[in-house]
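Beneath this line is the structure, given in structure tokens, with notes to follow.
In listed order, ligands and their atoms are each counted from 1.
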Amino acid sequence: AATGGSTTVRQVKLDKECELRIETSLDLPLRLRLLTGTAEIFGTEIPPEIWLTIPPRLKFAVFTWYGATIEMDGPTETDYTADETPMISYINVHAVLDGRRNRAKASPSDSDTSQGPRVVVVGPTDSGKSTLSRMLLSWAAKQGWKPTFVDLDIGQGSITIPGCVAATPIELPIDPVEGIPLEMPMVYFFGHVTPSANIDHYKVLVKELAQTLEKQFSGNAESRASGMVINTMGWIEGVGYELLLHAIDTFSATVILVLGQEKLCSMLKDVLKNRPNVDVVKLQKSGGVVSRNAKVRQKARGYRIREYFYGPSNDLSPHSNVVNFGDLFIYRIGGGPQAPRSALPIGAEPAADPTRLVSVSINRDLLHLVLAVSYANEPDQIISSNVAGFIYVTDVDMHRKKITYLAPCAGELPSKYLIVGTLTWIEN
Ligand code: ADP
């Protein structure tokens, strides 16, 4: 049963294949350690004896395969033990993937058979997609593979801030507190938190990301054999469904894991039935997955952006920088709202190219927006270029023609080309 609000040091004994589900408090961290046995947090083993400091607002589970005793120190929103989990079915999937990786590794010279599994995780929002992706990646990394994590979920963002599609190799089990190391992600900036803002642009970025990875894989047998785990958006109806099919095609997926959705599973099985090399597998959603309403998700986006600048444990100090308007070139992708026909010369069609590059003039509308710094050398490369990082506009001085922005570090930006969308953040 949920205990909630407890603050004393306490021990919890977990039987085999059980998990302790915890929501840390809204403002205080929780200290936790493994006293006996073995246990993992979302696929990553926790070390014995050592106190872990779990930040506020985190929802997670400590799972044990063989039994464990956990000690906690500090308040929680809730904590309870569950003996029914889908973990056995998840680890069975891992075992199948592992077999496929081994087979791929055994034939390194054949470009087809040397390709390890490309797994797409699909399901509605809050079905545990990101969590399952994470477990599959950590279990694979524990066995020495270097799977590539691809995150197409622009609404939340496991690899970087929301509004991006991104990929990164996972070389070690993912740290339960620090998350995914931000050293080498390949990030494309969409700039909106829902694809409906510009479907064509979203598809272009997914394609760019897939092509870049394909190129990297062709020169790297280890990555190729390890394969990919691709996390997707929770939007699974209508256009959302089409975008799922687009992702499955674009990444040449071989395994589709469907979390907790009969209908989606049978739809996918049906459209993919003529592809013998694609398996569609239905998996149970964990009872521990916490549902988040739109407001909570929006807040989570804000925390994620904050984390980019300040670090997961508030351990980074971003820099405030000032530059002249003339030193930056800001672009957005797509024409935004189209000009009404009545505003155009007779006979002219509204320019509707959704992937057109549009120069943005600097004014106070940029305040509180998060912009991406492109790696492009020329403006016409912007749409197909990945980004170096992000800045946050904190002031626009129209008189002195200067912009003040927050960046993870001091000094000049790696490029003068910036991309803007609708991604905002109010620092708190
Ligand atoms: P999705 O990616 O489908 O939106 P997530 O994997 O992000 O869903 O899960 C939603 C939330 O539930 C996350 O905060 C996650 O940490 C939490 N969660 C997932 N599985 C468990 C579990 N077994 N116990 C406790 N919390 C969990």
Side-chain angles (χ1 to χ4, degrees), residues 2-4 12 14 17-26 30 32 39-44 46 54-65 70 72 76-91 119-138 149-159 162 165-166 174-180 193-194 229-236 240 244 247 256-261 264-265 282-301 303-304 307 312:
T3 51
V12 180
L14 289 174
E17 291 163 26
C18 289
E19 69 184 20
L20 173 61
R21 295 173 179 161
I22 301 174
E23 279 187 55
T24 51
S25 96
L26 297 178
L30 171 75
L32 178 149
E40 55 185 50
I41 296 178
F42 295 156
T44 301
I46 55 177
I54 316 281
R57 293 182 308 270
L58 212 71
K59 303 165 180 52
F60 69 105
V62 183
F63 177 86
T64 179
W65 292 106
I70 308 296
M72 286 189 282
T76 61
E77 274 293 295
T78 50
D79 57 82
Y80 68 98
T81 304
D83 57 6
E84 265 179 50
T85 78
M87 292 294 277
I88 300 267
S89 60
Y90 294 178
I91 198 88
V119 184
V120 178
V121 183
V122 305
T125 35
D126 299 329
S127 55
K129 294 181 297 300
S130 323
T131 305
L132 176 61
S133 304
R134 193 170 171 146
M135 288 191 278
L136 293 174
L137 290 159
S138 289
F149 182 23
V150 178
D151 193 8
L152 305 180
D153 186 1
I154 52 177
Q156 289 300 324
S158 301
I159 297 179
V165 297
I174 298 165
D175 188 290
V177 178
E178 297 292 321
I180 289 160
V193 296
T194 159
V229 176
I230 303 164
N231 183 35
T232 60
M233 292 179 286
W235 187 21
I236 54 169
L244 278 183
I256 322 293
L257 303 177
V258 189
L259 276 169
Q261 252 265 354
L264 179 62
C265 185
K282 193 173 75 106
L283 287 172
Q284 203 194 323
K285 168 183 163 177
S286 167
V289 177
V290 183
S291 294
R292 299 159 294 181
N293 60 30
K295 207 164 174 191
V296 172
R297 271 204 287 276
Q298 193 191 339
K299 270 203 164 157
R301 284 198 277 271
Y303 291 131
R304 194 74 181 114
E307 209 178 289

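To the nearest 0.5 Å, the span separating CH2 on W65 from CD1 on I88 amounts to 5.0 Å. A distance of 11.0 Å separates CG of L257 from OG of S127, quoted to the nearest 0.5 Å.
Heavy atoms of E23 found under 4.0 angstrom from ligand 1: none, in either backbone or side chain. Residue-level proximity to ligand 1 for R292 is carried by the side chain, the only part with a heavy atom below 4.0 angstrom.
Against a heavy-atom cut-off of under 4.0 Å, A61 is close to the following atoms of ligand 1: 22 (C), 23 (N), 24 (N). Applying the 4.0 Å criterion to heavy atoms of S286 picks out, from ligand 1, the atoms 23 (N).
What sits closest to atom 8 (O) of ligand 1 on the protein, heavy atoms only, is G128 N, 3.2 Å. The protein atom (non-hydrogen) at minimum distance from atom 5 (P) of ligand 1 is T131 OG1, 3.7 Å. Among protein heavy atoms, the minimum distance from atom 2 (O) of ligand 1 is reached at S130 OG, 2.5 Å. Scanning all protein heavy atoms for the shortest distance to atom 27 (C) of ligand 1 gives G288 O, 3.3 Å. Nearest to atom 11 (C) of ligand 1 among the protein's heavy atoms is V290 O, 3.7 Å. Atom 20 (N) of ligand 1 has its closest protein heavy atom at V289 CG2, 3.7 Å. For atom 23 (N) of ligand 1, the closest heavy atom belonging to the protein is E19 OE2, 2.8 Å.
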Next item on the list: List the steps, then state whether side-chain contact (heavy atoms from CB on, under 4.5 Å) holds for L14 with F63.
Entry: CA-CA 8 Å; L14 289 174; F63 177 86; over 6 Å; no
Next item on the list: Would you check, one step at a time, whether the test side-chain contact (heavy atoms from CB on, under 4.5 Å) holds for L137 with I180?
Entry: CA-CA 11 Å; L137 290 159; I180 289 160; 5.8 Å; no
Margin query: The test is side-chain contact (heavy atoms from CB on, under 4.5 Å); show your working for T81 and L20 and say whether it passes.
Written below: CA-CA 4 Å; T81 304; L20 173 61; 4.1 Å; yes
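Other residues, nucleotides and ligands place more than 12 heavy atoms under 6.0 Å from the CD atom of E178.
A donor-acceptor contact shorter than 3.5 Å is absent between the side chain of T44 and the backbone of D175. Under a 3.5 Å cut-off, the side chain of T24 and the backbone N or O of R57 do form a donor-acceptor pair. Of the possible polar contacts, none joining the T64 side chain to the C18 backbone as a donor-acceptor pair under 3.5 Å is found. Within the 3.5 Å criterion, the main-chain N or O of D151 finds no donor-acceptor partner in the side chain of N231.
Not a single heavy atom of G234 lies less than 4.0 angstrom from ligand 1. Heavy atoms of G123 stay at 4.0 angstrom or farther from ligand 1.
In terms of polar-atom proximity, K129 is counted as a contact of ligand 1, with an N or O under 3.5 Å from an N or O of the ligand. The distance criterion of under 3.5 Å between nitrogen or oxygen atoms is not met by F42 with respect to ligand 1.
Here atom 14 (O) of ligand 1 lies nearest to K59 when heavy atoms of R21, K59, R297 are compared.
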